[in-house]
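Keep in mind that what you see is a predicted model, and the values were worked out from it rather than measured.
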Amino acid sequence: MFERTSGVLMHITSLPSPYGIGTMGADAHAFVDFLRDAGQRYWQVLPLGRTGFGASPYQCFSAAAGNPLLIDLDTLVEDGLLTPEEAREADPKGSPDQVDFDVIEDLRFPVLRKAFARVTPELQKKIDAYAEQEKSWLPDFTLFMSLREEKYDCAALWDWPDSDVLHRKPKALAAAREALKDEIAFRTFLQYEFHVQWHALRKYANQNGVQIIGDIPIYVSPDSSDVWANPEFFKLKSDFSPKKVAGVPPDYFSETGQLWGNPVYDWAALEKDGYKWWIWRMAQNMELYDVVRLDHFRGFESFWEVDAGEETAVKGKWQKGPGMKFFKAIEKALGEIPIIAEDLGIITDDVRRLLDESGFPGMRVMIFGFNSWEDNCHLPHNYVPNSIVYTSTHDSQTICEQIMDLCSLADADFARDYIRWNGHEPLAWAAIKTLFFSPASIAMTQMQDVLNLGADARMNKPATIGGQNWRWRMRRDGMNHELSSFLRGVTVTSRRYKPYQPPVEPAEETEEPTAETAEEA
(Lines give C-alpha, C1' and ligand atoms only; values in the text may rest on other atoms or scores of the structure.)
Protein backbone atom coordinates (compact mmCIF):
# COMPACT_ATOMS: atom_id res chain seq x y z
CA MET A 1 0.00 0.00 0.00
CA PHE A 2 1.34 3.43 -0.95
CA GLU A 3 1.32 6.33 1.50
CA ARG A 4 -1.32 9.05 1.25
CA THR A 5 0.53 11.42 -1.06
CA SER A 6 0.15 13.31 -4.34
CA GLY A 7 1.96 14.33 -7.49
CA VAL A 8 1.90 15.87 -10.94
CA LEU A 9 1.89 14.25 -14.39
CA MET A 10 3.92 15.99 -17.09
CA HIS A 11 6.26 14.53 -19.67
CA ILE A 12 9.85 15.73 -20.12
CA THR A 13 9.13 17.02 -23.64
CA SER A 14 6.53 19.43 -22.21
CA LEU A 15 9.10 21.32 -20.15
CA PRO A 16 10.28 24.73 -21.33
CA SER A 17 13.79 24.99 -22.77
CA PRO A 18 15.68 27.18 -25.28
CA TYR A 19 15.71 24.39 -27.87
CA GLY A 20 12.09 23.70 -28.77
CA ILE A 21 11.60 20.62 -26.58
CA GLY A 22 11.92 19.85 -22.90
CA THR A 23 15.19 18.23 -21.85
CA MET A 24 16.86 16.86 -18.73
CA GLY A 25 18.65 20.14 -18.04
CA ALA A 26 18.07 23.23 -15.91
CA ASP A 27 14.33 23.48 -16.52
CA ALA A 28 13.80 19.86 -15.46
CA HIS A 29 15.68 20.59 -12.24
CA ALA A 30 13.58 23.75 -11.82
CA PHE A 31 10.42 21.65 -12.17
CA VAL A 32 11.70 19.40 -9.37
CA ASP A 33 12.09 22.55 -7.27
CA PHE A 34 8.50 23.51 -8.14
CA LEU A 35 7.22 20.09 -7.07
CA ARG A 36 9.25 20.22 -3.85
CA ASP A 37 7.89 23.68 -3.00
CA ALA A 38 4.38 22.46 -3.84
CA GLY A 39 4.72 19.57 -1.39
CA GLN A 40 4.43 16.89 -4.06
CA ARG A 41 5.87 13.40 -3.66
CA TYR A 42 5.65 12.24 -7.29
CA TRP A 43 6.53 13.39 -10.78
CA GLN A 44 5.00 11.08 -13.38
CA VAL A 45 6.52 10.98 -16.86
CA LEU A 46 5.66 9.11 -20.05
CA PRO A 47 8.03 6.51 -21.58
CA LEU A 48 11.48 7.98 -22.22
CA GLY A 49 12.35 5.97 -25.33
CA ARG A 50 13.49 6.95 -28.80
CA THR A 51 10.23 7.67 -30.63
CA GLY A 52 9.42 6.90 -34.24
CA PHE A 53 6.46 7.64 -36.48
CA GLY A 54 4.00 10.06 -34.91
CA ALA A 55 6.41 10.88 -32.04
CA SER A 56 4.43 8.63 -29.68
CA PRO A 57 6.40 7.62 -26.59
CA TYR A 58 4.36 4.40 -26.70
CA GLN A 59 5.95 3.43 -30.05
CA CYS A 60 9.68 3.39 -29.41
CA PHE A 61 12.57 1.75 -31.23
CA SER A 62 13.70 0.08 -28.00
CA ALA A 63 12.27 -0.84 -24.63
CA ALA A 64 15.52 0.25 -22.98
CA ALA A 65 17.08 3.09 -25.02
CA GLY A 66 16.59 6.74 -24.09
CA ASN A 67 15.46 9.47 -26.48
CA PRO A 68 18.47 11.58 -27.62
CA LEU A 69 16.14 14.56 -28.13
CA LEU A 70 15.88 14.77 -24.32
CA ILE A 71 19.65 15.27 -23.94
CA ASP A 72 20.30 18.77 -22.64
CA LEU A 73 22.62 20.75 -24.90
CA ASP A 74 23.59 23.31 -22.27
CA THR A 75 24.94 20.46 -20.16
CA LEU A 76 27.07 19.37 -23.12
CA VAL A 77 28.35 22.95 -23.31
CA GLU A 78 29.28 22.83 -19.60
CA ASP A 79 31.06 19.53 -20.24
CA GLY A 80 33.13 21.08 -23.03
CA LEU A 81 31.55 19.01 -25.81
CA LEU A 82 29.80 21.94 -27.50
CA THR A 83 30.24 25.68 -27.78
CA PRO A 84 27.29 27.95 -26.92
CA GLU A 85 27.08 28.93 -30.58
CA GLU A 86 26.84 25.29 -31.67
CA ALA A 87 24.10 24.61 -29.13
CA ARG A 88 22.09 27.54 -30.49
CA GLU A 89 22.16 25.92 -33.93
CA ALA A 90 19.58 23.47 -32.58
CA ASP A 91 17.09 26.21 -31.66
CA PRO A 92 14.08 25.85 -33.99
CA LYS A 93 12.87 29.36 -33.11
CA GLY A 94 9.30 28.10 -33.29
CA SER A 95 6.31 28.18 -30.99
CA PRO A 96 7.05 27.99 -27.25
CA ASP A 97 3.76 26.10 -26.83
CA GLN A 98 4.30 23.20 -29.25
CA VAL A 99 7.06 20.70 -30.04
CA ASP A 100 7.83 20.39 -33.76
CA PHE A 101 9.48 16.96 -33.65
CA ASP A 102 10.52 16.80 -37.33
CA VAL A 103 12.27 20.18 -37.27
CA ILE A 104 13.92 19.50 -33.92
CA GLU A 105 15.27 16.13 -35.04
CA ASP A 106 16.73 17.68 -38.21
CA LEU A 107 18.47 20.36 -36.16
CA ARG A 108 19.48 18.34 -33.12
CA PHE A 109 21.41 15.40 -34.57
CA PRO A 110 24.04 17.43 -36.49
CA VAL A 111 24.78 19.28 -33.24
CA LEU A 112 25.00 16.03 -31.27
CA ARG A 113 27.49 14.74 -33.85
CA LYS A 114 29.69 17.77 -33.14
CA ALA A 115 29.64 16.85 -29.47
CA PHE A 116 30.54 13.26 -30.31
CA ALA A 117 33.55 14.46 -32.31
CA ARG A 118 35.00 15.95 -29.11
CA VAL A 119 34.93 12.76 -27.04
CA THR A 120 38.23 12.53 -25.18
CA PRO A 121 40.08 9.29 -24.38
CA GLU A 122 39.07 9.75 -20.72
CA LEU A 123 35.40 10.14 -21.64
CA GLN A 124 35.64 7.18 -24.04
CA LYS A 125 36.71 4.96 -21.13
CA LYS A 126 33.50 5.91 -19.31
CA ILE A 127 31.44 5.24 -22.44
CA ASP A 128 33.10 1.84 -22.86
CA ALA A 129 32.35 0.96 -19.24
CA TYR A 130 28.71 1.98 -19.75
CA ALA A 131 28.52 -0.12 -22.94
CA GLU A 132 29.85 -3.15 -21.07
CA GLN A 133 27.27 -2.61 -18.33
CA GLU A 134 24.43 -2.45 -20.90
CA LYS A 135 25.63 -5.23 -23.20
CA SER A 136 22.35 -7.14 -22.85
CA TRP A 137 20.59 -4.68 -25.22
CA LEU A 138 22.84 -1.82 -26.34
CA PRO A 139 24.75 -3.60 -29.17
CA ASP A 140 21.50 -4.76 -30.78
CA PHE A 141 19.90 -1.32 -30.47
CA THR A 142 22.85 0.67 -31.83
CA LEU A 143 23.25 -1.72 -34.77
CA PHE A 144 19.50 -1.68 -35.43
CA MET A 145 19.37 2.13 -35.54
CA SER A 146 22.53 2.38 -37.62
CA LEU A 147 21.17 -0.08 -40.17
CA ARG A 148 17.72 1.45 -40.23
CA GLU A 149 18.72 5.10 -40.53
CA GLU A 150 22.08 5.01 -42.30
CA LYS A 151 21.92 1.98 -44.58
CA TYR A 152 18.24 1.24 -45.23
CA ASP A 153 16.91 4.79 -45.55
CA CYS A 154 14.63 4.48 -42.47
CA ALA A 155 12.86 1.41 -43.87
CA ALA A 156 10.74 -0.51 -41.38
CA LEU A 157 12.22 -3.77 -40.11
CA TRP A 158 10.11 -5.98 -42.41
CA ASP A 159 11.24 -3.98 -45.47
CA TRP A 160 14.95 -4.48 -44.92
CA PRO A 161 16.49 -5.71 -48.18
CA ASP A 162 19.24 -7.91 -46.70
CA SER A 163 17.65 -11.16 -45.56
CA ASP A 164 20.80 -12.36 -43.80
CA VAL A 165 20.91 -9.22 -41.67
CA LEU A 166 17.16 -9.35 -41.04
CA HIS A 167 17.42 -12.95 -39.86
CA ARG A 168 20.55 -12.16 -37.83
CA LYS A 169 23.02 -14.48 -39.54
CA PRO A 170 26.29 -14.14 -37.55
CA LYS A 171 28.55 -13.36 -40.54
CA ALA A 172 26.12 -10.72 -41.84
CA LEU A 173 25.88 -9.08 -38.41
CA ALA A 174 29.66 -9.05 -37.98
CA ALA A 175 30.11 -7.43 -41.39
CA ALA A 176 27.43 -4.84 -40.62
CA ARG A 177 29.03 -3.97 -37.27
CA GLU A 178 32.37 -3.41 -38.97
CA ALA A 179 30.91 -1.31 -41.80
CA LEU A 180 28.85 0.82 -39.39
CA LYS A 181 31.27 0.99 -36.45
CA ASP A 182 31.43 4.81 -36.46
CA GLU A 183 27.63 5.11 -36.44
CA ILE A 184 27.41 2.51 -33.69
CA ALA A 185 29.95 4.47 -31.64
CA PHE A 186 27.92 7.68 -32.11
CA ARG A 187 24.70 6.04 -30.97
CA THR A 188 26.48 4.46 -28.00
CA PHE A 189 27.68 7.95 -27.04
CA LEU A 190 24.08 9.26 -27.21
CA GLN A 191 22.85 6.53 -24.87
CA TYR A 192 25.70 7.21 -22.46
CA GLU A 193 24.86 10.92 -22.33
CA PHE A 194 21.17 10.15 -21.84
CA HIS A 195 22.05 7.75 -19.02
CA VAL A 196 24.28 10.27 -17.23
CA GLN A 197 21.84 13.17 -17.52
CA TRP A 198 18.77 11.13 -16.53
CA HIS A 199 20.40 9.66 -13.45
CA ALA A 200 21.62 13.10 -12.40
CA LEU A 201 18.04 14.39 -12.71
CA ARG A 202 16.59 11.45 -10.81
CA LYS A 203 19.19 11.84 -8.06
CA TYR A 204 18.34 15.53 -7.76
CA ALA A 205 14.63 14.72 -7.58
CA ASN A 206 15.17 12.10 -4.87
CA GLN A 207 17.38 14.46 -2.88
CA ASN A 208 14.47 16.92 -2.91
CA GLY A 209 11.89 14.39 -1.79
CA VAL A 210 10.44 13.78 -5.25
CA GLN A 211 10.09 10.28 -6.66
CA ILE A 212 9.60 9.55 -10.34
CA ILE A 213 6.79 7.39 -11.66
CA GLY A 214 7.67 5.92 -15.04
CA ASP A 215 5.36 4.35 -17.59
CA ILE A 216 5.93 0.90 -19.12
CA PRO A 217 3.88 0.26 -22.28
CA ILE A 218 2.70 -3.33 -22.29
CA TYR A 219 3.72 -3.71 -25.95
CA VAL A 220 6.76 -2.73 -27.99
CA SER A 221 6.85 -1.20 -31.45
CA PRO A 222 6.79 -3.64 -34.39
CA ASP A 223 9.71 -1.67 -35.83
CA SER A 224 12.10 -2.06 -32.92
CA SER A 225 15.34 -3.65 -31.87
CA ASP A 226 13.33 -5.69 -29.34
CA VAL A 227 11.38 -7.47 -32.08
CA TRP A 228 14.47 -7.88 -34.26
CA ALA A 229 16.55 -9.38 -31.44
CA ASN A 230 13.76 -11.51 -29.90
CA PRO A 231 11.37 -12.58 -32.70
CA GLU A 232 10.50 -15.82 -30.92
CA PHE A 233 8.51 -13.89 -28.29
CA PHE A 234 6.13 -12.20 -30.76
CA LYS A 235 3.51 -13.38 -33.23
CA LEU A 236 5.28 -12.51 -36.49
CA LYS A 237 5.34 -13.47 -40.14
CA SER A 238 8.53 -14.78 -41.73
CA ASP A 239 9.50 -11.25 -42.84
CA PHE A 240 9.25 -10.01 -39.20
CA SER A 241 6.04 -8.06 -39.84
CA PRO A 242 3.27 -8.66 -37.27
CA LYS A 243 0.90 -11.56 -37.84
CA LYS A 244 -1.42 -10.45 -35.02
CA VAL A 245 -1.60 -6.93 -33.62
CA ALA A 246 -2.81 -5.42 -30.39
CA GLY A 247 -5.52 -2.92 -29.63
CA VAL A 248 -8.79 -2.58 -27.77
CA PRO A 249 -12.39 -3.05 -28.91
CA PRO A 250 -14.77 -0.08 -29.25
CA ASP A 251 -14.69 1.95 -26.03
CA TYR A 252 -14.97 5.41 -24.47
CA PHE A 253 -12.32 6.81 -26.79
CA SER A 254 -13.37 5.32 -30.16
CA GLU A 255 -16.44 3.70 -31.72
CA THR A 256 -14.20 1.47 -33.85
CA GLY A 257 -11.81 0.63 -31.04
CA GLN A 258 -8.11 1.35 -31.05
CA LEU A 259 -5.79 -0.49 -33.43
CA TRP A 260 -2.30 0.01 -32.04
CA GLY A 261 -0.41 -2.11 -34.56
CA ASN A 262 2.01 -3.57 -32.00
CA PRO A 263 2.74 -7.28 -32.37
CA VAL A 264 1.15 -9.30 -29.58
CA TYR A 265 3.28 -11.56 -27.44
CA ASP A 266 3.62 -15.30 -27.78
CA TRP A 267 3.01 -15.76 -24.07
CA ALA A 268 3.58 -19.53 -24.28
CA ALA A 269 7.11 -18.92 -25.59
CA LEU A 270 7.77 -16.30 -22.92
CA GLU A 271 6.58 -18.64 -20.17
CA LYS A 272 8.73 -21.48 -21.50
CA ASP A 273 11.75 -19.17 -21.23
CA GLY A 274 10.84 -18.23 -17.66
CA TYR A 275 9.71 -14.71 -18.67
CA LYS A 276 13.39 -13.74 -18.81
CA TRP A 277 12.83 -10.97 -21.39
CA TRP A 278 10.13 -9.33 -19.26
CA ILE A 279 12.24 -9.71 -16.11
CA TRP A 280 15.08 -7.93 -17.92
CA ARG A 281 12.64 -5.22 -19.03
CA MET A 282 11.30 -4.63 -15.52
CA ALA A 283 14.83 -4.51 -14.12
CA GLN A 284 15.81 -1.91 -16.73
CA ASN A 285 12.86 0.27 -15.79
CA MET A 286 13.60 0.04 -12.08
CA GLU A 287 17.02 1.48 -12.90
CA LEU A 288 15.20 4.52 -14.33
CA TYR A 289 12.27 5.05 -11.97
CA ASP A 290 11.20 4.84 -8.35
CA VAL A 291 7.71 3.52 -9.21
CA VAL A 292 6.47 1.95 -12.45
CA ARG A 293 3.02 2.22 -13.99
CA LEU A 294 2.08 -0.81 -16.09
CA ASP A 295 0.13 0.47 -19.07
CA HIS A 296 -2.87 -1.64 -20.18
CA PHE A 297 -2.81 -3.92 -17.15
CA ARG A 298 -5.88 -5.78 -18.36
CA GLY A 299 -3.78 -7.22 -21.19
CA PHE A 300 -2.02 -9.44 -18.65
CA GLU A 301 -5.36 -11.13 -17.97
CA SER A 302 -6.82 -11.05 -21.52
CA PHE A 303 -5.72 -9.05 -24.56
CA TRP A 304 -7.51 -7.96 -27.74
CA GLU A 305 -5.89 -9.62 -30.76
CA VAL A 306 -6.59 -8.47 -34.34
CA ASP A 307 -5.36 -9.93 -37.62
CA ALA A 308 -2.70 -7.70 -39.16
CA GLY A 309 -4.15 -5.81 -42.11
CA GLU A 310 -7.53 -5.03 -40.52
CA GLU A 311 -8.42 -1.36 -40.85
CA THR A 312 -10.09 -1.12 -37.44
CA ALA A 313 -10.00 -3.01 -34.17
CA VAL A 314 -13.62 -4.14 -34.44
CA LYS A 315 -12.87 -7.64 -35.79
CA GLY A 316 -10.69 -8.88 -32.98
CA LYS A 317 -11.01 -11.42 -30.21
CA TRP A 318 -9.93 -11.79 -26.62
CA GLN A 319 -6.99 -14.09 -25.88
CA LYS A 320 -5.82 -15.15 -22.44
CA GLY A 321 -2.80 -13.42 -20.97
CA PRO A 322 -0.26 -14.89 -18.52
CA GLY A 323 -2.13 -13.88 -15.37
CA MET A 324 -0.71 -14.04 -11.88
CA LYS A 325 2.05 -16.53 -12.72
CA PHE A 326 3.73 -13.73 -14.68
CA PHE A 327 3.77 -11.34 -11.71
CA LYS A 328 4.96 -14.11 -9.38
CA ALA A 329 7.88 -14.75 -11.73
CA ILE A 330 8.76 -11.04 -11.72
CA GLU A 331 8.62 -10.87 -7.92
CA LYS A 332 10.67 -14.05 -7.50
CA ALA A 333 13.41 -12.64 -9.73
CA LEU A 334 13.42 -8.99 -8.63
CA GLY A 335 11.68 -8.85 -5.29
CA GLU A 336 8.69 -6.65 -4.55
CA ILE A 337 8.47 -3.77 -7.04
CA PRO A 338 6.32 -0.66 -6.51
CA ILE A 339 3.83 -1.09 -9.38
CA ILE A 340 0.72 0.86 -10.39
CA ALA A 341 -1.78 -0.91 -12.63
CA GLU A 342 -3.46 1.06 -15.43
CA ASP A 343 -6.78 -0.76 -15.32
CA LEU A 344 -8.89 1.55 -17.49
CA GLY A 345 -11.08 0.40 -20.37
CA ILE A 346 -13.21 -2.74 -20.48
CA ILE A 347 -12.68 -4.34 -17.07
CA THR A 348 -14.15 -7.77 -16.32
CA ASP A 349 -14.47 -9.70 -13.08
CA ASP A 350 -11.41 -11.72 -14.09
CA VAL A 351 -9.35 -8.53 -14.44
CA ARG A 352 -10.62 -7.32 -11.04
CA ARG A 353 -9.60 -10.63 -9.48
CA LEU A 354 -6.11 -10.34 -10.99
CA LEU A 355 -5.77 -6.81 -9.67
CA ASP A 356 -6.92 -7.86 -6.21
CA GLU A 357 -4.54 -10.82 -6.13
CA SER A 358 -1.61 -8.70 -7.28
CA GLY A 359 -2.27 -6.06 -4.63
CA PHE A 360 -1.35 -3.29 -7.08
CA PRO A 361 -3.31 -0.03 -6.89
CA GLY A 362 -5.61 0.56 -9.87
CA MET A 363 -6.44 3.86 -11.55
CA ARG A 364 -9.45 6.18 -11.59
CA VAL A 365 -9.92 9.36 -13.65
CA MET A 366 -12.27 12.02 -12.32
CA ILE A 367 -13.48 13.36 -15.67
CA PHE A 368 -14.84 9.91 -16.58
CA GLY A 369 -17.29 10.28 -13.69
CA PHE A 370 -19.00 13.47 -14.85
CA ASN A 371 -22.32 11.86 -15.72
CA SER A 372 -25.37 13.29 -14.00
CA TRP A 373 -27.28 9.99 -14.35
CA GLU A 374 -24.64 7.51 -13.22
CA ASP A 375 -22.82 6.98 -9.93
CA ASN A 376 -19.66 5.35 -11.24
CA CYS A 377 -16.26 4.31 -9.91
CA HIS A 378 -14.54 7.40 -11.32
CA LEU A 379 -16.30 9.79 -8.93
CA PRO A 380 -14.04 10.57 -5.96
CA HIS A 381 -16.50 9.50 -3.26
CA ASN A 382 -16.28 5.95 -4.71
CA TYR A 383 -12.48 5.71 -4.67
CA VAL A 384 -10.85 2.97 -2.62
CA PRO A 385 -7.69 3.66 -0.59
CA ASN A 386 -5.51 1.32 -2.65
CA SER A 387 -5.76 3.37 -5.85
CA ILE A 388 -4.02 6.13 -7.79
CA VAL A 389 -6.43 8.75 -9.08
CA TYR A 390 -6.19 11.56 -11.62
CA THR A 391 -8.10 14.69 -12.52
CA SER A 392 -7.30 13.85 -16.16
CA THR A 393 -4.54 11.99 -18.01
CA HIS A 394 -2.24 12.35 -21.01
CA ASP A 395 -4.80 10.35 -23.04
CA SER A 396 -7.81 12.44 -22.07
CA GLN A 397 -9.18 15.92 -22.30
CA THR A 398 -8.31 18.34 -19.49
CA ILE A 399 -10.77 19.18 -16.72
CA CYS A 400 -11.61 22.52 -18.35
CA GLU A 401 -12.16 21.03 -21.81
CA GLN A 402 -14.37 18.28 -20.40
CA ILE A 403 -16.66 20.56 -18.41
CA MET A 404 -16.68 23.62 -20.66
CA ASP A 405 -16.66 22.02 -24.12
CA LEU A 406 -17.63 18.34 -24.05
CA CYS A 407 -20.13 17.69 -21.28
CA SER A 408 -23.85 18.05 -21.93
CA LEU A 409 -25.47 20.94 -20.10
CA ALA A 410 -26.80 18.59 -17.43
CA ASP A 411 -23.45 16.85 -16.97
CA ALA A 412 -21.59 20.18 -16.87
CA ASP A 413 -23.94 21.48 -14.17
CA PHE A 414 -23.48 18.24 -12.24
CA ALA A 415 -19.67 18.49 -12.55
CA ARG A 416 -19.58 22.08 -11.29
CA ASP A 417 -21.80 21.17 -8.36
CA TYR A 418 -19.79 18.04 -7.58
CA ILE A 419 -16.47 19.88 -7.39
CA ARG A 420 -18.19 22.76 -5.56
CA TRP A 421 -16.90 25.39 -7.93
CA ASN A 422 -17.74 28.84 -6.65
CA GLY A 423 -16.79 30.77 -9.78
CA HIS A 424 -14.12 32.74 -7.92
CA GLU A 425 -11.20 30.37 -8.44
CA PRO A 426 -9.93 28.49 -11.50
CA LEU A 427 -12.35 25.70 -12.43
CA ALA A 428 -9.66 23.01 -12.49
CA TRP A 429 -8.45 24.00 -9.01
CA ALA A 430 -11.84 23.11 -7.56
CA ALA A 431 -11.53 19.69 -9.24
CA ILE A 432 -8.02 19.19 -7.84
CA LYS A 433 -9.26 19.97 -4.34
CA THR A 434 -12.09 17.46 -4.70
CA LEU A 435 -9.70 14.77 -5.95
CA PHE A 436 -7.10 15.37 -3.23
CA PHE A 437 -9.71 15.00 -0.46
CA SER A 438 -10.75 11.56 -1.77
CA PRO A 439 -9.81 8.34 0.10
CA ALA A 440 -7.31 7.28 -2.60
CA SER A 441 -3.71 6.77 -1.49
CA ILE A 442 -2.14 8.74 -4.37
CA ALA A 443 -3.82 11.74 -6.03
CA MET A 444 -2.32 12.96 -9.30
CA THR A 445 -3.14 15.94 -11.44
CA GLN A 446 -1.91 16.90 -14.90
CA MET A 447 0.14 20.07 -15.09
CA GLN A 448 -2.40 21.28 -17.65
CA ASP A 449 -5.05 21.13 -14.93
CA VAL A 450 -2.84 22.97 -12.45
CA LEU A 451 -2.57 25.66 -15.15
CA ASN A 452 -6.37 25.55 -15.75
CA LEU A 453 -5.88 24.96 -19.49
CA GLY A 454 -8.36 23.70 -22.08
CA ALA A 455 -8.46 21.88 -25.43
CA ASP A 456 -5.27 23.46 -26.80
CA ALA A 457 -3.26 21.77 -24.06
CA ARG A 458 -4.39 18.19 -24.66
CA MET A 459 -1.41 15.86 -24.86
CA ASN A 460 -2.85 12.97 -26.88
CA LYS A 461 -6.07 11.86 -28.51
CA PRO A 462 -6.13 8.03 -28.64
CA ALA A 463 -6.90 6.32 -31.95
CA THR A 464 -5.38 9.26 -33.87
CA ILE A 465 -1.89 9.77 -35.30
CA GLY A 466 -0.03 13.01 -35.81
CA GLY A 467 -1.83 16.33 -35.52
CA GLN A 468 -1.19 17.96 -32.16
CA ASN A 469 -0.51 14.70 -30.31
CA TRP A 470 2.42 14.77 -27.87
CA ARG A 471 3.28 18.39 -28.75
CA TRP A 472 2.06 20.44 -25.77
CA ARG A 473 4.63 22.49 -23.85
CA MET A 474 4.44 24.56 -20.71
CA ARG A 475 5.89 28.04 -20.65
CA ARG A 476 8.55 28.76 -18.06
CA ASP A 477 6.34 31.19 -16.15
CA GLY A 478 3.99 28.27 -15.44
CA MET A 479 6.34 27.22 -12.65
CA ASN A 480 5.32 30.08 -10.41
CA HIS A 481 4.81 30.68 -6.70
CA GLU A 482 1.03 31.10 -6.96
CA LEU A 483 0.63 27.61 -8.41
CA SER A 484 3.07 25.94 -6.02
CA SER A 485 1.36 27.66 -3.07
CA PHE A 486 -2.06 26.45 -4.20
CA LEU A 487 -0.84 22.88 -4.60
CA ARG A 488 1.01 22.90 -1.31
CA GLY A 489 -2.04 24.30 0.49
CA VAL A 490 -4.45 21.65 -0.78
CA THR A 491 -1.84 18.92 -0.23
CA VAL A 492 -1.30 19.91 3.39
CA THR A 493 -5.00 20.37 4.13
CA SER A 494 -5.95 17.01 2.56
CA ARG A 495 -3.28 15.31 4.71
CA ARG A 496 -1.23 14.25 1.69
CA TYR A 497 1.89 16.22 2.59
CA LYS A 498 4.75 14.15 3.94
CA PRO A 499 7.83 16.17 4.96
CA TYR A 500 10.90 14.86 3.21
CA GLN A 501 13.19 12.85 5.45
CA PRO A 502 16.66 12.60 3.89
CA PRO A 503 18.28 9.20 4.31
CA VAL A 504 20.52 8.97 7.33
CA GLU A 505 24.11 8.46 6.32
CA PRO A 506 25.80 5.74 8.39
CA ALA A 507 28.28 7.19 10.85
CA GLU A 508 31.92 6.48 10.19
CA GLU A 509 33.31 3.87 12.50
CA THR A 510 36.00 5.13 14.86
CA GLU A 511 38.46 3.00 16.74
CA GLU A 512 38.27 2.87 20.52
CA PRO A 513 41.14 4.92 21.98
CA THR A 514 44.05 2.88 23.17
CA ALA A 515 46.62 3.77 25.75
CA GLU A 516 49.07 4.69 23.01
CA THR A 517 46.64 6.96 21.10
CA ALA A 518 45.53 8.59 24.33
CA GLU A 519 49.12 9.32 25.20
CA GLU A 520 49.74 10.81 21.73
CA ALA A 521 46.68 13.05 22.17
Side-chain angles (χ1 to χ4, degrees), residues 10-34 43 45-52 55 57 60-62 65-120 122-124 126-127 130 141-142 145 149 182-183 185-205 212 288 470-479:
M10 186 172 73
H11 193 37
I12 301 285
T13 58
S14 295
L15 287 163
S17 87
Y19 306 109
I21 188 172
T23 70
M24 299 177 287
D27 286 297
H29 289 71
F31 189 63
V32 169
D33 295 342
F34 170 84
W43 175 9
V45 297
L46 305 183
L48 299 174
R50 173 80 158 86
T51 59
C60 294
F61 291 120
S62 167
N67 190 346
L69 299 184
L70 304 183
I71 293 173
D72 183 61
L73 299 184
D74 288 336
T75 302
L76 298 184
V77 172
E78 293 171 7
D79 292 342
L81 296 174
L82 289 175
T83 67
E85 294 75 20
E86 288 169 337
R88 285 195 290 271
E89 292 172 10
D91 183 357
K93 298 179 174 62
S95 167
D97 305 312
Q98 297 280 315
V99 180
D100 190 332
F101 287 98
D102 292 336
V103 171
I104 287 168
E105 186 152 330
D106 288 344
L107 293 173
R108 183 64 60 95
F109 276 89
V111 173
L112 290 171
R113 288 183 184 277
K114 291 181 180 181
F116 172 61
R118 294 196 178 99
V119 170
T120 62
E122 181 182 3
L123 177 56
Q124 188 59 53
K126 295 179 180 179
I127 296 172
Y130 164 76
F141 170 72
T142 53
M145 294 304 296
E149 296 190 347
D182 292 339
E183 280 299 317
F186 170 58
R187 294 168 196 283
T188 303
F189 161 75
L190 294 180
Q191 291 307 306
Y192 168 80
E193 288 294 337
F194 178 93
H195 169 87
V196 169
Q197 291 192 14
W198 174 256
H199 283 279
L201 176 59
R202 181 185 172 190
K203 181 179 180 180
Y204 183 76
I212 297 179
L288 296 174
W470 316 113
R471 293 176 180 269
W472 178 76
R473 294 183 71 202
M474 174 181 69
R475 295 199 178 197
R476 187 169 285 107
D477 59 12
M479 294 185 280

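Counted within 6.0 Å of CD on Glu85, heavy atoms from surrounding residues, nucleotides or ligands total more than 12; the atom is thus considered enclosed.
Residues forming a side chain to side chain donor-acceptor pair (under 3.5 Å) with Gln124 (at least two apart in sequence, or on another chain): Asp128. Partners of Glu89 under the side chain to side chain contact (heavy atoms under 4.5 Å, CB included) rule, at least two apart in sequence or in another chain, are Glu86, Val111, Lys114. Under the side chain to side chain contact (heavy atoms under 4.5 Å, CB included) criterion, Ala28 pairs with Leu15, Trp43, Leu201, not counting sequence neighbours. By the salt bridge (Lys or Arg N to Asp or Glu O under 4.0 Å) test, Arg202 is found to be paired with Asp290, residues two or more places apart in sequence or in another chain being considered. Applying the side chain to side chain donor-acceptor pair (under 3.5 Å) rule to Asn67 yields no partners; only residues at least two apart in sequence or on another chain are considered.
Each of Leu123, Asp79, Leu76, Leu81 was checked for a side chain to side chain contact (heavy atoms under 4.5 Å, CB included) with Arg118, and the lone residue meeting it is Leu81.
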Next item on the list: Verify salt bridge (Lys or Arg N to Asp or Glu O under 4.0 Å) between Glu183 and Arg113, making sure each step is shown before the conclusion.
Entry: CA-CA 10 Å; Glu183 280 299 317; Arg113 288 183 184 277; 3.0 Å; yes
Note to self: Please determine whether side chain to side chain contact (heavy atoms under 4.5 Å, CB included) holds for the pair Leu48 and His11, giving the CA-CA distance in whole Å, both sets of side-chain angles, and the decisive distance to 0.1 Å.
What the structure shows: CA-CA 9 Å; Leu48 299 174; His11 193 37; 4.0 Å; yes
Check: Passes side chain to side chain contact (heavy atoms under 4.5 Å, CB included), Arg187 versus Glu149? Steps please.
Finding: CA-CA 11 Å; Arg187 294 168 196 283; Glu149 296 190 347; 3.2 Å; yes
Check: After noting the C-alpha distance and the side-chain angles of Leu190 and Arg50, does the key distance pass the side chain to side chain contact (heavy atoms under 4.5 Å, CB included) rule?
Finding: CA-CA 11 Å; Leu190 294 180; Arg50 173 80 158 86; over 6 Å; no
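Counting heavy atoms from C-beta outward, Thr23 and Leu73 have side chains that stay 4.5 Å or more apart. Contact annotation: the side chain of Phe186 never approaches that of Thr142 to less than 4.5 Å [non-hydrogen atoms, C-beta and beyond]. With contacts defined as side-chain heavy-atom distances shorter than 4.5 Å, the pair Ile12/Ile21 does not qualify. In this structure, Pro92 and Val103 have side chains that are in contact, with non-hydrogen atoms separated by less than 4.5 Å.
The minimum heavy-atom distance between Thr51 and Cys60, with the atom names listed, is CG2-SG, 4.3 Å. Minimum interatomic distance between Leu82 and Ala115 (heavy atoms only, all atoms of both residues): CD2-N, 3.7 Å. The shortest heavy-atom contact between Arg473 and Ser95 is NH1-O, 4.2 Å. Between Pro16 and Met479, the closest heavy-atom pair is CG-CE, 4.0 Å. Considering all non-hydrogen atoms of both residues, Pro18 and Asp27 come closest at CD-OD2, 4.4 Å. Heavy atoms only, all atoms of each residue included: Ala205 and Val32 are closest at CA-CG1, 3.7 Å.
Remark: side-chain polar atoms of Trp198 are paired, donor with acceptor, to backbone N or O of Leu288 under 3.5 angstrom. Side-chain atoms of Arg471 come within 3.5 Å of backbone N or O of Val99 as a donor-acceptor pair.
Taking the six-membered ring where tryptophan is involved, the planes of His195 and Tyr130 are tilted, since the angle between them lies from 30° to 60°.
Atoms CG and CG, on Leu112 and Leu107 in that order, are 11.0 Å from each other to the nearest 0.5 Å. From Gln191, atom CD reaches atom CZ of Phe141 across 5.0 Å, with rounding to the nearest 0.5 Å. In this structure, OG1 on Thr75 lies 7.5 Å from NE2 on His29, to the nearest 0.5 angstrom. In this structure, the separation between CZ on Phe34 and CZ on Phe31 is 6.0 Å, given to the nearest 0.5 Å.
Electrostatic pairing of Arg108 and Glu105 does not count as a salt bridge here, judged by no charged N lying under 4.0 Å from a carboxylate O.
For residues 12-22, the set of pairs meeting the side chain to side chain donor-acceptor pair (under 3.5 Å) definition, not counting sequence neighbours, comprises Tyr19-Asp74.
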